[in-house]
Student: 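The structure under discussion is supplied below as structure tokens; questions concerning it will follow.
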Amino acid sequence: MDEVVAQHRLHPLVRSHLHAISPYVPGRPIADVMREFGLHHVVKLASNENPLGPSMLAVQAGQQAMLEVNRYPDGAAKDLREAIAKHMSLSEDYVIVSNGSDEMIKMIAETFLDHGDEIVLPFPSFAQYTFGANVMDAKITYVPLHDDLTYDLDAMLRAISDKTKIVYLCTPNNPTGSWLQHQEIEAFLHQLPDHVLLVLDEAYCEYVTTPDPIRSEKWIAEGKPLLSLRTFSKIYGLAGLRLGYTLGHPALLAYLHKVREPFNANAVAQKTAIAALFDQEHVIRVRDYNEEERQRYYAFFEEHKLRYYPSQGNFILLDVGDGRKIFDQLQRKGIITRAGFPGLERCVRISIGTREENALCREALLAVLHK
Ligand SMILES: *Cc1c(COP(=O)(O)O)cnc(C)c1O
């Protein structure tokens, strides 16, 4: 069948609200940019990946697990959930795993959202929340961050209606880097109406170096209406393996299990992650390294009078006036950043890379910004 004809006939078969969903645009792969611009060395600072890579103990465990991939994984991920629970001082029935936290965001939407339901999202924040709501045809209320890109929690509370089922908070927030304090979320939880579930996306929580980091495990142990999303993609350096986990009350998790694919976390990922969790020295090494490099960037931005937004993540949002333009110019110099975030047209987001990559990025910034 001719492709155009096929599409024409298929169009009405598709659930109508899906037509409005536009595809996710990921950071550009290094090989693509090399080819397009004829470059030999390209640095990717576009997807908040860990430049130091995973723990070697984790890699070895993964290699070992490869020898048994003829077997299905443990669908219940019992050993992994036990390891996570121990690390969090919770019991294992407070833990559910997923194929990256991206999958969990979709599972949450599938579990809770019907046509006509509402969710409240911060703006700008992570695009996946919008995707989940769109798949289920739920209505989204966006609540803008303050001008300095910090959270406006009062406005988020005011945005909640009788139809609201879920409120998302992402801290540290992607792509802005802004973060919330433990007390702020605690107060927010107290004011949350009974019919609303808080989903706290803590993908970058291990990078936080503030004196009073969020301890959402505590609220979860107390039975608050809360899910905390974590991932092995960021500080653990396992983005390619696709593994996330979520903490929540067992009664809540039981509903998420209804939409969970039986083998959603693969065997290599499970074994690798157990070893990665065990190697907390590596996690601390990455966190400290990230803090050092963040400070180097800040010093550079201040020296050259560039406006940046302080970040508790492994990325920094920089106001360059015209994000797309500077993104293009950096790319021609072999530095892939990220621009085009809705509401942040003036900005590029730079993921923190190796020391050498960061130095190259700063050099390229000086050239394109004519500093
Ligand atoms: C990277 C990221 C995730 C994690 O995605 P995975 O699917 O686990 O790789 C979740 N939330 C935010 C805000 C992120 O930036």
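Since we're looking at a predicted model, the values are computed, not measured. In listed order, ligands and their atoms are each counted from 1.
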Student: Determine which pairs satisfy side chain to side chain donor-acceptor pair (under 3.5 Å) with at least one residue from residues 188-201, sequence neighbours left out, and list them in order.
Tutor: Y129-D201
Student: For K139, give me all partners under side chain to side chain contact (heavy atoms under 4.5 Å, CB included), at least two apart in sequence or on another chain.
Tutor: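 For K139 the side chain to side chain contact (heavy atoms under 4.5 Å, CB included) partners, ignoring immediate neighbours, are E118, T141.
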Student: Looking at residues at least two apart in the chain, or sitting in another chain, which of them share a salt bridge (charged side-chain N to carboxylate O under 4.0 Å, His left out) with E184?
Tutor: none
Student: Under 3.5 Å, is there a donor-acceptor pair linking the side chains of Y308 and D319?
Tutor: no
Student: I316 vs Y309, test: side-chain contact (heavy atoms from CB on, under 4.5 Å). Steps then yes/no.
Tutor: CA-CA 7 Å; I316 306 173; Y309 295 91; 5.9 Å; no
Student: I'd like to know if E345 and R324 make a salt bridge, using a cut-off of under 4.0 Å between side-chain N and carboxylate O.
Tutor: no
Student: For ligand 1, give me the residues whose heavy-atom distance to it is below 4.0 Å, by chain and number please.
Tutor: G100, S101, D102, F126, Y129, C170, N174, D201, A203, Y204, T231, S233, K234, R242
